[in-house]
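Given the structure is predicted, the values throughout are model-derived calculations rather than measurements.
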Amino acid sequence: MKKRTILVIILVASVSLIGVIITQLFWIDNAYKLKEEQFNSRVIISLKSVVAQLLSHKQITEQANINSDLPACFPGRANIYDVVDAPLLDSLIKDEFCTMMIGKDYVYGVFQYSTGNFIMGTYENYTDEIISTSHVVSLACVCKGGNYLLGIYFFNQRGLILSRIIPWLILSIVFLIILVFAFSFSIFSLFRQKKLSQMKSDFVNNMTHEFKTPISTISLASEMLLKPEVIQYPDKTRRYAHVIFDENLRLKNQVEQVLNIAVLDKSDFKLKFREIDVHKTIQSIVKNLCLVMKERKGKIRMDLEASKYVLMADRIHFINIINNVIDNANKYSPESPYISISTCNVNNGILISVEDKGIGIMAENQKNIFKRFYRVPTGNIHDVKGFGLGLYYVKTMVEAHGGRVDLKSEIGKGSRFDLYFPFNHINEKPGQDEE
């Protein structure tokens with residue numbers, strides 16, 4: 001998939017996700033406003049029901065006065081205590097609010113609209129809030145004189161309203177978080193897969209090139225051996241046969257490297273732990289590399305200072321580990337490589353350090369250096385061969401031995417790989433070092 005197509009998909013998906021979030025927030029806001037309106041309506045209905053019950057109680061009282069030949073009312077009467085009983089009012093409000101499931105965290109008061117004077121209620125310290133509240137009904141039908149109002153103030157009205165939508169609010173937030181996480185993970189996976197696809201494509205190209213070179217050399221040498229004028233000269237025949245043997249060995253090693261990585265990916269490998277002499281093994285490896293270093297006018301220095309250097313390890317894999325690290329140091333040293341190999345004992349184990357004076361590795365590339373198929377960009381150096389599998393193999397196998405790999409590098413000054421192998425990784429009877 002082209003990069004432009006991926007960017008368009010991400011842009012469209014991002015806009016859609018933002019649209020979903022905005023729409024969800026809009027519906028949450030609307031749900032809150034609807035619940036607020038419903039709450040206000042229930043409060044007003046409850047208050048009007050209280051007033052209606054007060055009026056009914058007043059009429060019953062007046063009828064009782066008529067039946068008892070007492071004066072029912074007095075013209076000009078303005079004292080609200082004559083028509084509203086404070087305990088009755090408090091009881092009616094509690095009953096109505098309980099019936100309507102409104103809540104208990106409130107204060108109320110009966111006050112005169114014109115003067116702001118409070119007559120009765122639980123209004124202490126909340127007179128301003130009750131006067132300014134929207135939950136107010138008139139008591140004119142109960143007591144025409146005095147212009148009295150009944151007001152209710154809720155301590156936590158917002159909390160009461162939110163408590164009615166909190167389950168849906170939590171679900172919306174959870175689903176939004178899941179949606180954002182899934183979107184982010186998908187984008188991350190998309191870029192990761194694209195990068196992995198590019199790395200695999202580079203790997204196939206490199207592998208094709210690496211295989212093509214020895215095959216072409218073998219083909220050319222074989223063609224030369226078929227010529228009569230070459231067969232007559234044993235020295236030439238031996239030289240071309242040696243070329244075929246070397247290139248065939250090189251091709252075999254490359255195939256084995258690829259197959260080994262396939263085995264590592266499946267975690268289907270078994271290590272054969274034996275006692276090996278680390279110093280002796282390193283010296284043998286360096287001896288075999290002398291010809292390569294001589295051709296490049298390079299040098300390998302050894303400072304093998306570890307007092308304990310007998311290690312339980314898989315000999316073949318241990319040799320491959322050291323070879324890969326030294327080969328990496330050699331490949332990324334532009335000219336006349338200088339490689340230093342040292343050992344020392346730390347934390348009941350042995351630390352093997354391989355340091356070069358090569359081109360170094362940039363900080364942003366160091367975190368990817370041990371990933372499969374990854375190859376460090378080399379700027380103007382285009383002759384560095386490989387599949388991007390060597391250091392991945394090194395890290396995997398060192399960790400399989402219970403150790404770790406650390407990298408210190410500075411661009412233009414070189415790199416140092418520290419390989420730590422513990423002595424007590426396994427508990428079994430030691431075998432003998434295989435020569």
Considering residues at least two apart in sequence or located in another chain, which fulfil the ring pair (Phe, Tyr, Trp, His ring centres under 6.0 Å) criterion with Phe191? none
Give a yes-or-no answer on whether the side chains of Thr115 and Gln112 include a donor-acceptor pair shorter than 3.5 Å. yes
Hits for side-chain contact (heavy atoms from CB on, under 4.5 Å) against Lys48, two or more places apart or cross-chain, chain-then-number order -> Ile44, Val137
Lys33: what forms a salt bridge (charged side-chain N to carboxylate O under 4.0 Å, His left out) with it, not counting sequence neighbours? Asp29
Determine the minimum heavy-atom distance between Met100 and Ser46, stating which atoms define it. CG-OG, 3.1 Å
If you compare all heavy atoms of Ile326 against all heavy atoms of Val354, which two are closest, and at what distance to 0.1 Å? CG1-CG1, 4.3 Å
Nearest 0.5 Å, please: how far is CD1 in Ile350 from OH in Tyr309? 10.0 Å
Near Phe421 CZ, under 6.0 Å, is it more than 12 heavy atoms from other residues, nucleotides or ligands? yes
Pair Arg42, Met101 - check side chain to side chain contact (heavy atoms under 4.5 Å, CB included), show working. CA-CA 9 Å; Arg42 285 202 300 270; Met101 294 183 295; over 6 Å; no
So do the side chains of Val110 and Val84 get within less than 4.5 Å of each other, counting heavy atoms only? no
Verify ring pair (Phe, Tyr, Trp, His ring centres under 6.0 Å) between His401 and Phe273, making sure each step is shown before the conclusion. CA-CA 9 Å; His401 283 77; Phe273 288 93; 5.4 Å; yes
For residues Lys308 and Phe423, report the shortest heavy-atom separation together with the two atoms involved. O-CZ, 3.4 Å
Would a 4.5 Å heavy-atom cut-off, applied to side chains only, mark Ser138 and Tyr113 as touching? no
Those residues that, when tested against Asn328, pass side-chain contact (heavy atoms from CB on, under 4.5 Å) (two or more places apart): Tyr332, Leu391, Phe417
Between Val394 and Val405, is any pair of side-chain heavy atoms under 4.5 Å apart? yes
Within the structure provided, determine whether Leu55 and Val51 are in side-chain contact (heavy-atom separation under 4.5 Å). no
Among all residues two or more places apart in sequence or in another chain, which pass the ring pair (Phe, Tyr, Trp, His ring centres under 6.0 Å) test with Phe118? Phe111, Tyr123
Criterion side chain to side chain donor-acceptor pair (under 3.5 Å) on Asn324 and Tyr393, from CA distance to verdict: CA-CA 8 Å; Asn324 273 292; Tyr393 170 83; 5.6 Å; no
Contacts of type side-chain contact (heavy atoms from CB on, under 4.5 Å), residue Thr133, not counting sequence neighbours: His135, Val136
Nearest heavy-atom contact between Ser163 and Pro167 is O-CD, 4.2 Å
If a pair satisfies side chain to side chain donor-acceptor pair (under 3.5 Å) and one of its residues is in residues 178-191, list it, with sequence neighbours excluded. none
Determine whether Phe175 and Leu171 satisfy the following criterion, side chain to side chain contact (heavy atoms under 4.5 Å, CB included), listing intermediate values before the conclusion. CA-CA 6 Å; Phe175 288 143; Leu171 283 176; 4.2 Å; yes
For Phe155, I'd like to know if atom CZ has over 12 heavy atoms of other residues, nucleotides or ligands within 6.0 Å. yes
To the closest 0.5 Å, what do you measure between CE (Met362) and CD1 (Ile359)? 11.0 Å
Lys/Arg N to Asp/Glu carboxylate O, Arg404 vs Asp406, below 4.0 Å: yes
Between Ser409 and Gly414, what is the shortest heavy-atom contact and its length? OG-O, 3.2 Å
Closest non-hydrogen contact found for Lys272 with Asp314 is N-OD2, 2.7 Å
Checking the side chain of Ser16 only, and the main-chain atoms of Val12 only, is there a donor and an acceptor separated by less than 3.5 Å? yes
Could you check whether Tyr106 and Phe97 have their ring centres less than 6.0 Å apart? yes
Hey, could you give me each pair passing side chain to side chain donor-acceptor pair (under 3.5 Å) that has a residue in residues 340-358? Not counting sequence neighbours. His279-Thr343, Ser307-Asn345, Ser353-Asp418
Interatomic spacing from NZ in Lys35 to CG in Asn30 - rounded to 0.5 Å: 13.5 Å
Is there a side-chain contact between Met397 and Asn320 (heavy atoms, below 4.5 Å)? no
Strictly by side chain to side chain donor-acceptor pair (under 3.5 Å), give each pair with a member in residues 171-181 just once, sequence neighbours left out. Gln24-Ser172
Under the salt bridge (charged side-chain N to carboxylate O under 4.0 Å, His left out) definition, can you give me all pairs with a residue in residues 99-112, not counting sequence neighbours? none
Go through the steps for Glu96 and Ser49 under the test side chain to side chain contact (heavy atoms under 4.5 Å, CB included), then give the verdict. CA-CA 8 Å; Glu96 283 297 324; Ser49 177; 3.0 Å; yes
Nearest-0.5 Å distance, CD of residue Gln53 to CD1 of residue Ile93: 10.5 Å
Please round to the nearest 0.5 Å and tell me the distance separating atom CG of Leu419 and atom NZ of Lys395. 12.5 Å
Residues which pass ring pair (Phe, Tyr, Trp, His ring centres under 6.0 Å) with Tyr420, listed by chain and number, not counting sequence neighbours: none
Indicate yes or no: at least one non-hydrogen side-chain atom of Ile285 is less than 4.5 angstrom from one of Ile319. yes
Can you sort out the partners of Ile18 under side-chain contact (heavy atoms from CB on, under 4.5 Å), two or more places apart, ordered by chain and number? Ile22
Are Phe154 and Phe39 close enough that their ring centers fall under 6.0 Å? yes
Any side-chain heavy atom of Met302 sitting closer than 4.5 Å to one from Gln283? yes
Just wondering, do Ile152 and Ile130 contact through their side chains at under 4.5 Å, heavy atoms? no
Separation between CG of Asp277 and CG of Leu311, rounded to the nearest 0.5 Å: 10.0 Å
Please lay out, stage by stage, how Thr281 and Ile322 fare under the test side chain to side chain contact (heavy atoms under 4.5 Å, CB included). CA-CA 9 Å; Thr281 304; Ile322 304 300; 6.0 Å; no
Okay, side chain of Arg296, backbone of Asn330: is any donor-acceptor separation there less than 3.5 Å? yes
